[in-house]
**Student:** 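Once you've had a glance at the structure underneath, I'll fire off some questions.
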Amino acid sequence: MILAVTGGKGGVGKSTVSLNLGAELGGVVVNADLAMADLPTCHGPDFHDVLAGRAAPLEAVSTVSGVSMLPCGRTLAGARACDVTGFVSAIEQVADEYDHVIIDCPAGMLADAGLPLVAADSCVLVTVPRRFALADAVRTKVLARELGAGLCGVVLNRVRDDPPTEIVERTLGAPVTTLPESTVIADAQRHGRPVATATPESDTRERFAELGRVIYSRRS
């Protein structure tokens with residue numbers, strides 16, 4: 001299954017969800033934010049190199065903090081060298097070797113955000129309980145449906161008391177997993193690690209495990 005983690009709005013936690021889903025599903029996380037990569041990187045070829053024709057997709061997959069990952073470079077020159085017409089083919093080559101491919105999508109509604117949805121079988125929407133973010137999530141759901149990526153789950157991130165879970169589930173039409181404001185997540189992020197390896201017995205880890213189970217049960 002190729003799963004896009006999207007949401008439209010920047011800063012809602014897509015990269016955090018992508019990394020932790022990679023740990024829970026045992027999949028490869030693809031950092032598809034070609035201009036503003038946010039996930040951990042490593043030495044060796046990256047997604048910029050793949051899309052520039054300098055490396056094969058599987059050659060660029062490495063293990064970072066216990067998670068298989070196709071990282072992305074962080075230079076403007078690397079982003080400019082990318083030929084995005086090879087994006088879908090690169091993702092499909094990784095999917096031929098791995099059961100789960102999780103694409104960390106860039107923010108926005110432009111072509112670079114749409115490409116992961118073209119490649120994906122399904123998507124997870126990440127949002128926060130703010131009106132502007134929920135509006136972006138609705139627009140992203142429409143775009144995903146138009147591009148053939150069905151919605152299989154929603155993450156309502158940074159919730160506090162009495163989150164609008166039922167309203168979000170009814171509006172977006174998919175199961176909602178809530179993630180509270182958490183020092184556990186912040187500490188794991190600071191070290192570039194998924195919660196499953198940083199604090200495996202925490203309630204936060206169980207939330208990510210629950211999301212993984214929801215996605216697995218609704219896989220295409």
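Because the structure is a prediction, the values reported are computed rather than measured.
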**Student:** Do C72 and D46 touch side chain to side chain, with heavy atoms closer than 4.5 Å?
**Tutor:**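 No, their side chains stay 4.5 Å or more apart.
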**Student:** Give a yes or no on whether D187 atom CG has more than 12 heavy-atom contacts from other residues, nucleotides or ligands under 6.0 Å away.
**Tutor:**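 Yes, because the 6.0 Å sphere around CG of D187 holds more than 12 heavy atoms from other groups.
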**Student:** Check whether D83 reaches the backbone of G53 with its side chain - one donor and one acceptor, N or O, closer than 3.5 Å.
**Tutor:**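 Answer holds: no.
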**Student:** For a 4.5 angstrom cut-off between non-hydrogen side-chain atoms, does N20 reach V195?
**Tutor:**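 In contact.
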**Student:** Using side-chain heavy atoms (C-beta onward) and a distance below 4.5 Å, is Y98 in contact with L58?
**Tutor:**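 In short, these two side chains touch, coming nearer than 4.5 Å.
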**Student:** Checking side chain to side chain contact (heavy atoms under 4.5 Å, CB included) against V29, which of V64, V67, V5 comes through?
**Tutor:**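 Going through the options one by one, the only one that passes is V67.
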**Student:** Could you point out which residue of N31, D33, D104 forms a side chain to side chain donor-acceptor pair (under 3.5 Å) with S15?
**Tutor:**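 The option that passes is D104.
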**Student:** Do V124 and C152 make a side-chain contact, defined as non-hydrogen atoms from C-beta onward lying under 4.5 Å apart?
**Tutor:**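 The answer is yes, as the side chains (C-beta and beyond) meet within the 4.5 Å cut-off.
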**Student:** Side chain of T197, backbone of P194: donor and acceptor closer than 3.5 Å?
**Tutor:**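 Here the side-chain-to-backbone pair exists.
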**Student:** For residues F208 and L19, determine if any side-chain heavy atom of one lies less than 4.5 Å from a side-chain heavy atom of the other.
**Tutor:**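 In short, these two side chains do not touch, never coming nearer than 4.5 Å.
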**Student:** Hey, are the side chains of L156 and P164 touching, using non-hydrogen atoms and a 4.5 Å cut-off?
**Tutor:**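 Side-chain contact under 4.5 Å: yes.
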**Student:** Does G192 offer a backbone N or O that forms a donor-acceptor pair with the side chain of S65 under 3.5 Å?
**Tutor:**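 Looks like yes, one N/O pair under 3.5 Å.
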**Student:** Near R80 CZ, under 6.0 Å, is it more than 12 heavy atoms from other residues, nucleotides or ligands?
**Tutor:**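 No.
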**Student:** Within a 6.0 Å radius of atom CD on E181, are there more than 12 heavy atoms belonging to other residues, nucleotides or ligands?
**Tutor:**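 Yes, enclosed.
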**Student:** Using a distance-only test with no angle check, is there a side-chain donor-acceptor pair under 3.5 angstrom linking T178 and R207?
**Tutor:**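 Side chains of T178 and R207: pair found under 3.5 Å.
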**Student:** What do the steps show when you test R205 against E24 for salt bridge (charged side-chain N to carboxylate O under 4.0 Å, His left out), and what is the final call?
**Tutor:** CA-CA 9 Å; R205 189 279 166 93; E24 297 300 335; 2.9 Å; yes
**Student:** Taking the side chain as everything from C-beta on, heavy atoms only, tell me whether T199 gets closer than 4.5 Å to T204.
**Tutor:**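 No, their side chains stay 4.5 Å or more apart.
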**Student:** Are the side chain of D49 and the backbone of A55 linked by a donor-acceptor contact shorter than 3.5 Å?
**Tutor:**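 No, D49 side chain to A55 backbone: no donor-acceptor pair under 3.5 Å.
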**Student:** Judged by atom type as modelled, is there a donor-acceptor pair below 3.5 Å linking the side chain of H48 to the main-chain atoms of L34?
**Tutor:**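 It does hold such a pair.
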**Student:** Taking side chain to side chain contact (heavy atoms under 4.5 Å, CB included) as the criterion, tell me which of I185, V126, T177, I102 meets it with V17.
**Tutor:**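 Exactly one candidate clears the test, V126.
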**Student:** Work out which heavy atom in P129 is nearest to a heavy atom in N157; give both atom names and the distance.
**Tutor:**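 That closest heavy-atom pairing would be CD-O, 3.1 Å.
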**Student:** When you measure from the side chain of D121 to the backbone N and O of I2, does any donor-acceptor pair fall under 3.5 Å?
**Tutor:**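 Answer holds: yes.
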**Student:** Does any part of the side chain of P116, heavy atoms only, come nearer than 4.5 Å to the side chain of P106, both counted from C-beta?
**Tutor:**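 A side-chain contact under 4.5 Å exists here.
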